[in-house]
*Asks:* 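This is the structure I have questions about; it appears just below.
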Amino acid sequence: MSEVTFNASKPLDFIAVGRLCIDLNANEINRPMEETVTFTKYVGGSPANICIGMSRLGLATGFVGKVADDQMGRFITKYLEDNGIETKGVTTDRTGAVTGLAFTEIKSPTDCSILMYRDNAADLLLETGEVNEELISSAKMVLISGTALAASPSREAVFLALDYAKRHGAVIAFDLDYRPYTWKSPQETATYYNLAAEKCDIILGTREEFDMMEQFGGNPERDDNITAAKWFDYQARIVIIKHGKEGSIAYTRDGASHTAQSFPAKVIKTFGAGDSYAAGFLYGLMQGWSIQRSMEFGSAAASIVISSHSCSDAMPTSDDVHEYIERCKRGEITANS
C-alpha cells in the first residue's frame, strides 16, 4: 500500500493551485520555430495539465487560480468546465493582465523547447482573498506548483492555500515546475521552494530542480538519498526524483527506494511527460496502489502524452492507460527507431 492516506469523507479528490495559460504547439514539426508558421491552441500550465489529467482518469477535481479577462481566459475556464473540473476557485483578473502564452518548438522528438510570454500574466495575480478555503477543505489532495511562488501576490496565496490544506487534513503534493525566466534570481527561487517543500507530503521534481533547491550547500555530490532524506525531516512521505530517460526514483520515509519500468512510445515531443506522469502517479496513490504500480501507471500515461501533439488534450483515461500497458506487454508498441 502507499505511504499516504486520504480522507475518504471529502467530496473532491483533487485540487490544483497555480498556473493557467495557453500552449501554442507548432504544427510544422521537425523544424525550428523560425520556420514554423501555424500553431494549435491548447490549455496549458503544469498544474492545469495535471488537474485535467486527474479529471480524465475519473477523479472529482477542482482548481484554484486566476485567468485574464479576455478571450483566452474564457477559453481556459470553459475548457476546465467541459472537463468536469470545479471552477468556483478560478477568479478573473480586472487589472488588464494577460494570459500567459507558451509557444512550443518541435525540432525533433528529442529536441523541443518552449518560448514563453509571461509579462503581466494574470495567473501570478491570484490574491490571498481569492483562495477559497471551503473548496480546499473539501479536497483529499491539494497540489501546488512552483511557478506560482515566483511573484506576489500569487506567492502569498499559495502559502495560504498550503495552510488551508494542512488545517483541513488534505494530502499536499508539490510539483516543483521550475521555470527560471519567471524568477528574479536563483537565490530567491531556492528560498521560497524550500519554504514550501517543508509543508508538503509528496514532492516531485527533476534532479536539476532539486539541484536548484540545494544551491546553498549540503549535497555537493548531488546524491538522491541525501536530497530525499532532508525532506523526511519535515512533512514529506514520498520524494520522487526524475532523471529523464533514466527514469524516476521514489524515496519513502522508511528509507526504501522504488523504481518502475518505463514504456516505449512513438515520441512526437518531450513536453507534457512530467505532467501526465504526475497525474498517473498521484491517481495510483489515491487508488491505494503500491508506489511501484503507481509509478508504472504514471510512466505509461507519460508515454501516451509524448506520443501526441498536445498535452492537455492528450491526457488519457484510466482505460487508455491500462490498454497501453497491455499493448506494450504484447509488443504492439515500440519506441521510435
Side-chain angles (χ1 to χ4, degrees), residues 1-6 13-14 16 46-47 49-50 53-54 57 59 140-146 170-178 193-194 196-214 219 221-263 265 272-306 318 321-322 324-325 328:
M1 299 296 286
S2 68
E3 298 290 312
V4 291
T5 55
F6 300 91
D13 294 307
F14 178 85
S46 291
N49 287 336
I50 295 170
M54 295 290 258
L57 290 168
L59 300 186
K140 299 179 180 75
M141 178 187 288
V142 173
L143 175 135
I144 66 163
S145 171
V171 172
I172 304 171
F174 185 8
D175 171 38
L176 297 185
D177 184 32
Y178 173 47
Y193 266 74
N194 279 282
E198 291 173 6
K199 303 174 183 296
C200 298
D201 303 293
I202 303 167
I203 305 171
L204 306 97
T206 65
R207 180 64 254 177
E208 292 73 22
E209 287 171 326
F210 282 105
D211 290 344
M212 173 274 297
M213 294 171 69
E214 294 172 344
N219 188 10
E221 302 300 320
R222 305 173 71 229
D223 185 314
D224 287 355
N225 288 285
I226 293 173
T227 295
K230 170 181 177 176
W231 301 112
F232 297 135
D233 289 338
Y234 294 94
Q235 189 170 316
R237 295 288 184 272
I238 302 169
V239 177
I240 292 189
I241 303 175
K242 297 182 282 188
H243 289 272
K245 293 178 182 177
E246 285 72 52
S248 304
I249 306 173
Y251 294 86
T252 48
R253 183 171 277 230
D254 59 7
S257 60
H258 307 262
T259 58
Q261 72 175 98
S262 58
F263 294 89
D275 301 338
S276 46
Y277 177 90
F281 174 76
L282 296 173
Y283 170 82
L285 292 184
M286 298 198 81
Q287 306 311 300
W289 297 348
S290 69
I291 298 278
Q292 184 174 25
R293 185 182 177 192
S294 300
M295 292 174 76
E296 288 183 357
F297 193 86
S299 293
S303 291
I304 291 172
V305 169
I306 62 176
S318 180
V321 181
H322 288 299
Y324 193 89
I325 292 171
C328 288

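A quick note: this is a predicted structure, and the numbers were derived from the prediction, not measured.
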*Asks:* How far apart are the closest heavy atoms of Gly284 and Ser294, and which atoms are they?
*Replies:* C-OG, 3.2 Å
*Asks:* Would you mind reporting whether Leu285 and Val171 have side-chain heavy atoms less than 4.5 Å apart?
*Replies:* no
*Asks:* Could you tell me whether the side chain of Phe14 reaches within less than 4.5 Å of the side chain of Leu57, counting heavy atoms only?
*Replies:* no
*Asks:* Donor-acceptor pair, Ser303 side chain versus Phe263 backbone, under 3.5 Å?
*Replies:* yes
*Asks:* Closest approach of Ile144 and Ala196, non-hydrogen atoms and distance?
*Replies:* CD1-CB, 4.1 Å
*Asks:* Is there a donor-acceptor pair under 3.5 Å between the side chain of Gln235 and the backbone N or O of Cys200?
*Replies:*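 No, the answer is negative, given that no donor and acceptor are paired below the 3.5 Å cut-off.
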*Asks:* Atom CD1 of Ile50 and atom CG of Asp175: how far apart are they, to the nearest 0.5 Å?
*Replies:*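 One finds 4.0 Å between CD1 of Ile50 and CG of Asp175.
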*Asks:* Distance from Asp211 atom CG to Ile241 atom CD1, nearest 0.5 Å?
*Replies:*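 It comes to 9.5 Å.
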*Asks:* Step by step, work out the side-chain contact (heavy atoms from CB on, under 4.5 Å) result for Tyr234 and Lys199.
*Replies:* CA-CA 7 Å; Tyr234 294 94; Lys199 303 174 183 296; over 6 Å; no
*Asks:* Using 0.5 Å steps for rounding, measure from the OG atom of Ser299 to the CD1 atom of Ile325.
*Replies:*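 Nearest 0.5 Å value for the OG-CD1 distance: 9.0 Å.
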*Asks:* Which heavy atom in Met295 sits nearest to a heavy atom in Thr259, and how many Å separate them?
*Replies:*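 For Met295 versus Thr259, the nearest heavy atoms are CE-CA, 4.0 Å.
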*Asks:* Can you tell me if Lys230 has over 12 outside heavy atoms packed within less than 6.0 Å of its NZ?
*Replies:* yes
*Asks:* State, yes or no, whether a side-chain contact exists between Arg293 and Gln287 at a heavy-atom distance under 4.5 Å.
*Replies:* no
*Asks:* Once the angle between the rings of Tyr277 and Phe281 is folded into 0 to 90°, is it parallel (under 30°), tilted (30 to 60°) or perpendicular (over 60°)?
*Replies:* parallel
*Asks:* Are Leu282 and Met141 close enough, and set up right, to give a side-chain contact (heavy atoms from CB on, under 4.5 Å), and what steps lead you there?
*Replies:* CA-CA 9 Å; Leu282 296 173; Met141 178 187 288; 3.9 Å; yes
*Asks:* By ring pair (Phe, Tyr, Trp, His ring centres under 6.0 Å), which residues pair with Tyr193, not counting sequence neighbours?
*Replies:*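 Listed in chain order: Phe174, Trp183.
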*Asks:* Would you sort out whether Gln292 and Gln261 count as a side-chain contact (heavy atoms from CB on, under 4.5 Å), showing the intermediate values?
*Replies:* CA-CA 9 Å; Gln292 184 174 25; Gln261 72 175 98; over 6 Å; no
*Asks:* With distance as the sole test, does Glu209 use its side chain to make a donor-acceptor pair with the main-chain N or O of Tyr178 at under 3.5 Å?
*Replies:* yes
*Asks:* Can you check whether Pro47 reaches Leu143 side chain to side chain, under 4.5 Å on heavy atoms?
*Replies:* yes
*Asks:* Just verifying a value: how many Å separate Leu204 CG and Asp275 CG, rounded to the nearest 0.5 Å?
*Replies:*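 Here the rounded value is 10.5 Å.
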*Asks:* Just to verify, what does Glu214 make a salt bridge (Lys or Arg N to Asp or Glu O under 4.0 Å) with, not counting sequence neighbours?
*Replies:*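 Expected list: Arg207.
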*Asks:* Could you tell me whether a side-chain N or O of Ser262 sits under 3.5 Å from a main-chain N or O of Gly247, the two making a donor and an acceptor?
*Replies:* no
*Asks:* Side-chain contact test, heavy atoms from C-beta onward, threshold under 4.5 Å: evaluate it for Asp13 versus Met54 and give yes or no.
*Replies:* no
*Asks:* Quick one: do Leu176 and Met212 satisfy side-chain contact (heavy atoms from CB on, under 4.5 Å)? Show the steps, please.
*Replies:* CA-CA 10 Å; Leu176 297 185; Met212 173 274 297; over 6 Å; no
*Asks:* Keeping the roles fixed (side chain from Asp201, backbone from Ile172), state whether a donor-acceptor pair exists under 3.5 Å.
*Replies:*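 Yes: the side chain of Asp201 pairs with the backbone of Ile172.
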*Asks:* Using modelled atom types only, decide if a donor and an acceptor are shared between the side chain of Arg253 and the backbone of Ala236 within a distance under 3.5 Å.
*Replies:*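 Confirmed, Arg253 side chain pairs with Ala236 backbone.
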*Asks:* Would you give the length of the straight line joining atom OG1 of Thr206 to atom CD1 of Ile240, rounded to the nearest 0.5 angstrom?
*Replies:* 12.5 Å
*Asks:* Could you tell me the separation between the CD1 atom of Ile203 and the CD1 atom of Ile238, rounded to the nearest 0.5 Å?
*Replies:* 10.5 Å
*Asks:* Examine distances only and state if a side-chain atom of Asn49 and a backbone atom of Ser276 form a donor-acceptor pair shorter than 3.5 Å.
*Replies:*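 It does not hold such a pair.
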*Asks:* Can you find a pair of side-chain heavy atoms, one from Met286 and one from Leu59, that are under 4.5 Å apart?
*Replies:*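 Met286 vs Leu59: side chains touch.
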*Asks:* Any heavy-atom pair between the side chains of Tyr251 and His258 that's under 4.5 Å?
*Replies:* no
*Asks:* Is Val239 close to Ile249 at the side-chain level, that is, under 4.5 Å between some pair of heavy atoms?
*Replies:*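 Ile249 does not reach Val239 side chain to side chain.
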